[in-house]
Amino acid sequence: MLIPFTRPLDLENTLEVGQAFRWRREPSEPTEHPWFWGVAFDNLVKLRRTEEGVEFFCAPDSEAALSPLLQDYLRLGDDLSAIYESIRGDERVSACIDRYPGLRLLRQDPWECLVSFICSANNNIRRIGGNVEDMSRSFGRPVGIEDRHRHTFPTPEELADAGEHRLRELGLGFRAKYVAAAARRVAGGEVDLYSLREAPYEEALNALVSLEGVADKVANCVLLFSLDKLEAFPVDVWIDRALRDWYPQVTEKRLPRKALRPWAQERFGPYAGYANQYLFHQRRSDQRGKRAAGR
DNA sequence: AGCCAGGCCCTCC
DNA sequence: GGAGGGCCTGGC
């Protein structure tokens, strides 16, 4: 099925920037319209960008049922030109936008997003993806068709049942305790993640940081990538380095890591999260370029 | 071998 | 209150 869409959408950078962990490009070699395989809304999904829009297939549900959900997931409703206009006042961000037009935030499932970013602590992106896939294979349900199938991301109940010990056996390390605790609290109804979409930023932030293993950075990822808080601004090592290198004021004012989020939100405004994503992607791309040149 | 990876928590001052 | 150390695990 085709979702007609001719406005800017860079599917490749959007799915591989590091905001989501379950999309696999196929083929991996450079091609004009590569497919991306993933699991979303309890379906195995493959999709690709074409000139006309987003072409996709899914199973077991019908394409008609999934189409509106995918449009939502890909944030196709975001008015990128308005967003760009809002954050282009910053020269550095403006240059990043010119470099990666159509890079979009995603609107992911809050539970999967929360667990993924709990796993991100002191971890690398490849292994985070491995952790997410391992949890799905072990505790999720198979979806797809016989020769091509993956597993749904486990529900809070499924991960609560799994327990800390089995999560540790999967290789989550010290994060296993945090994932198990979060699963118990969400499964028990103590924290209602979906309701946080309607809550104001600060309130949702406070609810998230009440979870073990979730502090300001992880919470802001969840807020930005799954809870519709486009003003969220996660400060990780990459953003920290980017801000210090690219914004002399940060160094002049001797701002500690903790002060960077409020500083950036003040500077970039209601779409600070989009600015964050562009700065992050630029910074990591620069680094990859350097490493490639180094050998 | 030793360090680092999209942090977080705990201790101690 | 904030600076510093430790943490599972895997890859280089």
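Just so it is clear: chains get the letters A, B, ... in the order the sequence lines come, proteins before strands, and each one is counted from 1. Basis for what follows: all heavy atoms, side chains included, without hydrogens, waters or symmetry-related copies.
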Once you round it to whole Å, what is the distance between P of B/dC4 and CD of A/Gln287? 13 Å

Compute the centroid of each ring, for A/Trp111 and then for A/Tyr194, and state whether the two points are separated by less than 6.0 Å. no

Regarding A/Glu169, tell me which of base, sugar-phosphate or nothing describes its non-hydrogen contacts under 4.0 Å with the strands shown. nothing

Between A/Asn122 and A/Pro256, which has a closest nucleotide on DNA chain C that is more 5'? A/Pro256

Output the rounded distance in Å from CG (A/Leu167) to P (C/dC8). 15 Å

Atom-pair distance (CG on A/Leu211; P on B/dG7), nearest Å: 19 Å

Considering only atom P, compute the distance from B/dC8 to C/dG11 and round it to an integer number of Å. 24 Å

Out of B/dC8, B/dC9, B/dA5, which nucleotide sits closest to the side chain of A/Arg241? B/dA5

I'd like to know whether the aromatic ring centres of A/Phe117 and A/Phe21 sit less than 6.0 Å apart in this structure. yes

Nearest whole Å is fine: how far is C/dC7 C1' from A/Ile118 CD1? 16 Å

Measure from NZ or CZ of A/Arg88 to the centre of the six-membered ring of A/Tyr84 and say whether it is under 6.0 Å with the direction within 45° of the ring axis. yes

Student check: side-chain heavy atoms of A/Val93 and A/Phe268 closer than 4.5 Å: yes

Do A/Arg22 and A/Arg150 have side chains that approach each other closer than 4.5 Å (heavy atoms only, starting at C-beta)? yes

Nearest-Å distance once atom C1' is located in both C/dG10 and B/dC9: 23 Å

What is the distance, rounded to the nearest whole Å, between atom CZ of A/Phe174 and atom P of C/dT9? 10 Å

Spacing between A/Leu172 atom CG and C/dG10 atom P, to the nearest angstrom: 11 Å

Distance in angstrom units between A/Glu212 CD and C/dC7 P, rounded: 17 Å

Mind checking A/Arg126 for me? I need base, sugar-phosphate or nothing, with any heavy atom below 4.0 Å counting as a touch. nothing

Candidates C/dG10, B/dC8, B/dG7 - which lies nearest the side chain of A/Asn124: C/dG10

Under 4.0 Å, counting only non-hydrogen atoms across every strand here, what does A/Arg283 touch: a base, just sugar-phosphate, or nothing? nothing

How is A/Phe280 classified with respect to the nucleic acid when contacts are heavy atoms under 4.0 Å: base, sugar-phosphate, or nothing? base

Most 5' of A/Arg127 and A/Val209 on DNA chain B, judged by nearest nucleotide: A/Arg127

Selected nucleotide, minimal atom distance to A/Arg175 side chain, candidates B/dG7, C/dG2, C/dC8: C/dC8

Any side-chain heavy atom of A/Asp240 sitting closer than 4.5 Å to one from A/Arg244? yes

Searching all strands shown, indicate the nucleotide that pairs with C/dC8 (Watson-Crick or G-U wobble; both distances under 3.5 Å). none

Do any side-chain nitrogens or oxygens of A/Arg257 fall under 4.0 Å of OP1 or OP2 in B/dC8? no

Protein-nucleotide distance (A/Leu208, atom CG; B/dG7, atom P), rounded to Å: 18 Å

